Amino acid sequence: MAKPAQGAKYRGSIRDFPDFNPSQDAETLYNAMKGFGSDKEAILELITSRSNRQRQEICQNYKSLYGKDLIADLKYELTGKFERLIVGLMRPPAYADAKEIKDAISGIGTDEKCLIEILASRTNEQIHQLVAAYKDAYERDLEADITGDTSGHFRKMLVVLLQGTREEDDVVSEDLVQQDVQDLYEAGELKWGTDEAQFIYILGNRSKQHLRLVFDEYLKTTGKPIEASIRGELSGDFEKLMLAVVKCIRSTAEYFAERLFKAMKGLGTRDNTLIRIMVSRSELDMLDIREIFRTKYEKSLYSMIKNDTSGEYKKTLLKLCGGDDDAAGQFFPEAAQVAYQMWELSAVARVELKGTVRPAGDFNPDADAKALRKAMKGLGTDEDTIIDIIAHRSNAQRQQIRQTFKSHFGRDLMADLKSELSGDLARLILGLMMPPAHYDAKQLKKAMEGAGTDEKALIEILATRTNAEIQAINKAYKEDYHKSLEDALSSDTSGHFKRILISLATGNREEGGEDRERAREDAQEIADTTSGDKSSLETRFMMILCTRSYPHLRRVFQEFIKMTNYDVEHTIKKEMSGDVRDVFVAIVQSVKNKPLFFADKLYKSMKGAGTDEKTLTRIMVSRSEIDLLNIRREFIEKYDKSLHQAIEGDTSGHFLKALLAICGGED
């Protein structure tokens with residue numbers, strides 16, 4: 001069992017069994033496998049309640065008592081995933097890693113993800129033990145085997161990591177930090193082509209503490225996170241490896257929380273990944289992984305394993321997990337600290353918002369108007385020209401083109417576009433041609449038209465717009481539809497949901513900074529879920545979430561965590577339902593990270609069977625000049641594929657071409 005550093009708290013979920021008797025345990029296991037069939041329950045109960053060091057003693061005693069190899073007997077008696085999991089627990093950690101790597105490079109093809117996960121996350125000491133264990137178990141040189149099975153820069157970085165020579169000094173030189181930032185910038189962003197050797201040398205050798213400061217300074221200097229540069233400059237398995245290294249430098253526990261989530265989300269479970277992580281982290285940082293998992297994905301690791309696996313395999317994994325963080329009183333204070341720190345970072349981070357559509361440099365409204373007229377004149381329509389002009393002009397420039405078009409040809413450009421284009425492309429191009437406030441007003445009107453209401457569209461717009469944007473929408477709505485937005489909302493919605501939307505539609509949110517004393521009072525107000533009825537709780541949430549400034553709400557959410565050990569979003573989902581829950585969650589997510597909120601919406605609009613073209617179009621149009629570049633970064637960070645790739649895989653024809661033009665690039 002790996003010992004925690006001097007003074008550090010033990011963060012594993014498996015501990016030494018207090019009344020350990022290796023001979024008695026060996027006998028219990030022998031009896032569990034004797035005769036016809038085996039007592040799987042007894043086997044998993046015993047093995048998951050002993051530390052790895054104790055399991056090694058049991059193996060020795062088993063051989064002494066019965067002249068048999070315990071691992072061989074377990075392999076014979078058990079089958080499938082359960083067998084792999086139990087046998088994995090019986091091996092010493094370095095030998096378990098060695099077996100995983102041997103399997104990853106044996107046979108046809110290589111499991112690069114396994115190589116990346118192990119070599120990017122292990123400490124120097126763990127790497128040295130792994131190399132020795134591999135030599136002992138297989139009488140082969142690990143570096144030679146990996147070199148023979150990989151190639152290029154990916155191979156070079158793996159070899160660097162295999163040396164286990166990362167600096168471990170916590171004393172950091174500010175001059176060297178600045179030099180490394182400059183070297184990385186010059187090796188990537190400033191260079192025609194990429195100097196991969198610099199990335200390999202710096203990310204493969206510098207200490208974690210040093211690299212964390214390098215990453216912070218890199219963001220300040222270049223305006224983009226190091227991950228964005230890696231995605232832009234590197235590719236393939238080498239890119240994946242470098243991103244894994246960066247994630248592990250930032251937080252090894254968060255890296256594994258993410259790997260576990262991805263192993264279980266969607267159809268099918270990646271059992272090899274799940275087994276490998278649950279075995280290898282059970283005596284190192286499983287409690288940290290659980291806390292980050294719970295905070296990041298708003299569900300416990302325990303509940304996800306429970307819903308995704310079955311039988312003795314499930315029982316064993318749950319034992320290794322060590323507890324359900326969704327159970328009453330089980331959300332650790334440490335988890336609250338993780339969430340608290342996330343809020344602290346969001347409160348101080350000043351991320352520059354950037355759109356993907358910018359004003360054209362050599363703008364000529366006269367030439368654009370003529371080109372558009374030509375594209376729509378006569379038989380057929382030149383959609384490519386229309387897309388090329390409209391998707392590469394700012395909204396202000398498009399309004400100039402509309403005016404020039406009317407002056408030159410005495411025709412309404414919008415009407416011409418409407419008659420020449422159709423379907424999704426028409427909705428997208430016409431949306432781009434409208435001033436933003438009028439576009440939002442139209443989307444709200446459509447959401448309330450006809451039978452049924454599109455509550456998701458109402459929530460998405462009203463929960464995310466600034467005061468100035470809301471006020472402009474109100475004015476546009478009145479101008480275009482001769483009715484106030486408030487009256488329209490009143491006649492189309494009801495109850496608390498109506499009151500919340502009307503409150504948001506006033507555009508009267510406070511705009512100052514935080515008030516710590518008031519933030520504590522506000523947190524107390526919404527933390528008390530026991531007093532009053534559900535209606536009273538919803539009113540209290542509305543008064544605070546719909547009126548306080550974003551910086552102040554971030555502080556409220558921090559104080560809320562301190563008081564309750566829960567993230568406010570978790571409480572909303574637990575205590576509320578329907579549209580009221582959805583609008584409050586949207587406000588909270590928007591306060592937390594608005595680009596991520598929209599990245600999630602875009603992902604959901606394209607995942608599964610069928611595409612929600614309306615949501616996709618609405619977000620691409622409305623965010624194109626505000627924060628679509630930030631949305632792109634959040635999208636690839638969360639979903640491991642770019643927004644560009646998602647659009648390419650889910651749309652087609654001229655609609656696809658126009659969306660990609662607005663998207664503005666491949667990450």
Side-chain angles (χ1 to χ4, degrees), residues 355-447 449 461 465-466 468-483 485 613-614 616-628 653-655 657-664:
T356 52
V357 175
R358 297 177 183 85
D362 51 353
F363 178 54
N364 182 337
D366 195 55
D368 285 349
K370 285 175 182 170
L372 286 170
R373 176 72 180 128
K374 186 181 175 187
M376 293 185 282
K377 208 172 170 185
L379 281 173
T381 306
D382 181 357
E383 287 94 347
D384 290 333
T385 296
I386 294 171
I387 292 166
D388 196 46
I389 292 172
I390 291 173
H392 295 102
R393 305 292 182 270
S394 68
N395 195 275
Q397 290 175 333
R398 292 181 208 126
Q399 302 319 310
Q400 283 183 255
I401 296 169
R402 278 179 75 174
Q403 192 57 56
T404 306
F405 195 89
K406 185 163 267 185
S407 300
H408 270 350
F409 308 111
R411 302 172 67 91
D412 180 5
L413 176 56
M414 293 289 278
D416 280 7
L417 287 166
K418 206 169 187 177
S419 72
E420 293 291 329
L421 305 174
S422 62
D424 295 325
L425 179 64
R427 278 192 288 276
L428 179 62
I429 293 295
L430 291 168
L432 289 168
M433 288 304 302
M434 294 179 78
H438 289 267
Y439 179 72
D440 278 347
K442 184 173 184 180
Q443 297 308 303
L444 291 168
K445 179 80 163 60
K446 279 180 170 289
E449 266 175 356
I461 295 168
R465 301 310 192 246
T466 64
E469 287 166 342
I470 292 280
Q471 285 153 15
I473 291 168
N474 273 292
K475 189 179 172 190
Y477 199 95
K478 184 85 173 174
E479 197 179 303
D480 293 346
Y481 308 112
H482 312 293
K483 182 180 185 178
L485 176 57
E613 287 89 356
K614 286 181 182 175
L616 177 58
T617 299
R618 186 171 59 242
I619 295 173
M620 294 296 287
V621 168
S622 64
R623 309 315 294 181
S624 60
E625 291 185 50
I626 299 172
D627 55 3
L628 191 53
H654 288 105
F655 181 50
K657 186 177 178 183
L659 285 171
L660 292 182
I662 300 165
C663 182

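Computed from a predicted structure; not experimentally measured.
Glu383 is not listed as a side-chain neighbour of Ile429, based on a closest heavy-atom distance of 4.5 Å or more. In this structure the side chain of Met433 never reaches within 4.5 angstrom of the side chain of Tyr439, judged on heavy atoms. No side-chain heavy atom of Leu421 sits less than 4.5 Å from a side-chain heavy atom of Leu428. With a 4.5 Å cut-off on side-chain heavy atoms, Ile473 and Ile461 count as touching.
Between atom CZ of residue Arg465 and atom CD1 of residue Ile470 there is a gap of 7.5 Å, rounded to the nearest 0.5 Å. The line from NZ of Lys483 to NZ of Lys478 is 10.5 Å long, rounded to the nearest 0.5 Å. The distance from atom OG of Ser622 to atom CG of Leu628, rounded to the nearest 0.5 Å, is 9.0 Å. Atom CD of Gln397 is separated from atom CG of Asn364 by 10.5 Å, given to the nearest 0.5 angstrom. Residue Thr356 holds its OG1 atom at 11.0 Å from CG of Leu660, rounded to the nearest 0.5 Å. Taking CD of Gln443 as the start and CD1 of Ile619 as the end, the distance is 11.0 Å to the nearest 0.5 Å.
Annotation for Phe363 and Arg393: closest pair CD1-CD, 3.9 Å, computed over non-hydrogen atoms. Pairing each heavy atom of Tyr481 with each of Lys442, the nearest pair is OH-CA, 3.3 Å. Taking all atoms of both residues into account, the shortest heavy-atom contact from Asp424 to Arg427 is OD1-NH2, 2.6 Å. The minimum heavy-atom distance linking Pro435 with Arg402 is given by the pair CD-NH1, 4.0 Å. The two residues Phe655 and Glu613 come nearest to each other via the heavy atoms CE2-CG, 3.9 Å. Between Met620 and Leu659, the shortest heavy-atom contact is CE-O, 3.6 Å.
Checking side-chain atoms of Asp412 against main-chain N and O of Lys406 turns up no donor-acceptor pair under 3.5 Å. Of the possible donor and acceptor atoms, none in the side chain of Gln400 sits under 3.5 Å from a partner among the backbone N and O of Asn395. Using a distance-only test at 3.5 Å, with no hydrogens or angles considered, no donor-acceptor pair links the side chain of Thr404 to the main chain of Asp366. At least one donor-acceptor pair under 3.5 Å links the side chain of Arg398 to the backbone N or O of Leu432.
Between Lys374 and Asp382 there is no salt bridge, since no side-chain N of the basic residue sits under 4.0 Å from a carboxylate O of the acidic one.
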Trace of the side chain to side chain contact (heavy atoms under 4.5 Å, CB included) decision for Leu417 with Ile390: CA-CA 11 Å; Leu417 287 166; Ile390 291 173; 4.1 Å; yes
Criterion side chain to side chain contact (heavy atoms under 4.5 Å, CB included) on Asp416 and Arg373, from CA distance to verdict: CA-CA 9 Å; Asp416 280 7; Arg373 176 72 180 128; 4.1 Å; yes
Side chain to side chain contact (heavy atoms under 4.5 Å, CB included) between Lys614 and Lys446, worked out: CA-CA 11 Å; Lys614 286 181 182 175; Lys446 279 180 170 289; over 6 Å; no
Intermediate values then yes/no, side chain to side chain contact (heavy atoms under 4.5 Å, CB included), Ile626 and Glu469: CA-CA 12 Å; Ile626 299 172; Glu469 287 166 342; 3.6 Å; yes
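Within 6.0 Å of CD on Gln403 lie no more than 12 heavy atoms contributed by other residues, nucleotides or ligands.
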